[in-house]
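Values below: every heavy atom of this structure, side chains too, minus hydrogens, waters and symmetry copies.
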Amino acid sequence: MTRVVCSVNTCTHYMAGDLCSARNIDIMHEEEGRMSAIADQTMCKTFHDAAGITSYLGSADNINITGTLMELTMPGHHLDPSIDCTVASCVYWDEGRRCTAKAIEVTGMQANECQDTNCRTFERREGGI
């Protein structure tokens with residue numbers, strides 16, 4: 001499983017230690033119909049703005065409950081959500097929308113929407129797509 005390191009501290013799924021408590025994250029290209037050429041053109045579509053209790057309730061259907069409880073009771077357990085990636089122009093993209101990187105880094109401190117986030121692990125596939 002790919003390790004996820006996330007510094008998007010305004011997301012409902014963010015946990016201290018740059019962990020993500022989501023069960024699954026969706027990495028996509030920012031511009032519909034146009035593949036990403038650089039990391040700034042990627043985004044974490046799973047981002048859900050932590051703007052109050054209703055925000056947390058709205059994202060509750062995508063929580064890794066078991067992993068989150070393990071992290072809270074046994075610090076050091078690393079939460080690693082599954083990754084669904086549509087960025088076929090990345091060297092780590094594989095058939096079935098799989099990410100083959102050993103680890104990815106999702107950034108976007110103080111993000112207000114998913115377009116403010118990026119997959120910093122993105123590397124353009126030679127020849128692009």
Side-chain angles (χ1 to χ4, degrees):
M1 180 172 274
T2 301
R3 175 151 291 197
V4 176
V5 177
C6 180
S7 62
V8 186
N9 62 346
T10 54
C11 181
T12 57
H13 297 294
Y14 176 81
M15 286 185 69
D18 290 344
L19 300 175
C20 178
S21 67
R23 184 175 55 254
N24 181 71
I25 62 171
D26 296 313
I27 303 296
M28 304 177 80
H29 47 90
E30 276 188 344
E31 206 172 311
E32 197 168 324
R34 187 173 174 189
M35 278 294 158
S36 305
I38 59 173
D40 286 346
Q41 294 172 343
T42 63
M43 67 178 174
C44 179
K45 185 67 173 168
T46 306
F47 172 83
H48 206 278
D49 191 19
I53 190 70
T54 56
S55 295
Y56 287 91
L57 292 174
S59 65
D61 64 331
N62 190 24
I63 294 176
N64 176 351
I65 295 170
T66 303
T68 300
L69 291 173
M70 287 177 70
E71 178 59 34
L72 291 171
T73 58
M74 295 182 295
H77 170 79
H78 202 275
L79 296 167
D80 291 315
S82 60
I83 301 168
D84 188 23
C85 180
T86 63
V87 187
S89 57
C90 179
V91 298
Y92 299 111
W93 180 87
D94 199 3
E95 294 294 322
R97 298 160 51 135
R98 276 184 354 106
C99 178
T100 62
K102 292 197 185 295
I104 68 166
E105 179 183 3
V106 179
T107 60
M109 296 280 287
Q110 306 306 319
N112 293 313
E113 56 188 16
C114 59
Q115 290 87 348
D116 297 335
T117 65
N118 298 113
C119 178
R120 282 288 160 219
T121 308
F122 173 86
E123 286 184 44
R124 186 178 172 105
R125 182 183 300 258
E126 194 166 314
I129 285 192

Under 3.5 Å, side chain of [X] to main-chain N/O of [Y], donor-acceptor pair present?
{"X": "Arg125", "Y": "Ala88", "answer": "yes"}
{"X": "His29", "Y": "Ser36", "answer": "no"}
{"X": "Asn118", "Y": "Gly108", "answer": "no"}
{"X": "Thr12", "Y": "Ser59", "answer": "no"}

Under 3.5 Å side-chain donor-acceptor pair for Ser82 and Asn24: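 Short answer, yes.
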Please report the shortest heavy-atom distance between [X] and [Y], naming the atom on each side.
{"X": "Leu79", "Y": "Ser21", "value": "CD1-CA, 4.0 Å"}
{"X": "Tyr92", "Y": "Thr121", "value": "CE1-O, 3.5 Å"}
{"X": "Tyr56", "Y": "Ala50", "value": "OH-CB, 3.3 Å"}
{"X": "Phe122", "Y": "Ala39", "value": "CD2-N, 3.5 Å"}
{"X": "Ile27", "Y": "Cys119", "value": "CG2-CB, 3.9 Å"}
{"X": "Val4", "Y": "Cys20", "value": "CG1-CB, 4.3 Å"}

Which value, rounded to the nearest 0.5 Å, describes the distance between [X] atom [atom1] and [Y] atom [atom2]?
{"X": "His13", "Y": "His48", "atom1": "NE2", "atom2": "NE2", "answer": "7.0 Å"}
{"X": "Gln115", "Y": "Gln41", "atom1": "CD", "atom2": "CD", "answer": "13.0 Å"}
{"X": "Glu30", "Y": "Asp40", "atom1": "CD", "atom2": "CG", "answer": "7.5 Å"}
{"X": "Asn112", "Y": "Cys11", "atom1": "CG", "atom2": "SG", "answer": "12.0 Å"}
{"X": "Met28", "Y": "Thr46", "atom1": "CE", "atom2": "OG1", "answer": "9.5 Å"}
{"X": "Trp93", "Y": "Thr100", "atom1": "CH2", "atom2": "OG1", "answer": "10.5 Å"}

Transitive ILVMFWY side-chain link Ile38 to Val87, under 4.5 Å: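 Hydrophobic grouping puts Ile38 apart from Val87.
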Single-linkage hydrophobic cluster, 4.5 Å side-chain cutoff, Val106 and Met43 together: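 They do not share one cluster, since no chain of ILVMFWY contacts under 4.5 Å joins Val106 to Met43.
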Stepwise side-chain contact (heavy atoms from CB on, under 4.5 Å) test for Thr10 and Asp116: CA-CA 11 Å; Thr10 54; Asp116 297 335; over 6 Å; no
Ile25: which of Ile104, Asn62, Asp80, Thr2 passes side-chain contact (heavy atoms from CB on, under 4.5 Å):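 Exactly one option meets the side-chain contact (heavy atoms from CB on, under 4.5 Å) with Ile25, and it is Ile104.
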Stepwise side-chain contact (heavy atoms from CB on, under 4.5 Å) check, Glu113 with Asp49: CA-CA 7 Å; Glu113 56 188 16; Asp49 191 19; over 6 Å; no
More than 12 heavy atoms of other groups within 6.0 Å of Ile65 CD1: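 Count not over threshold, so no.
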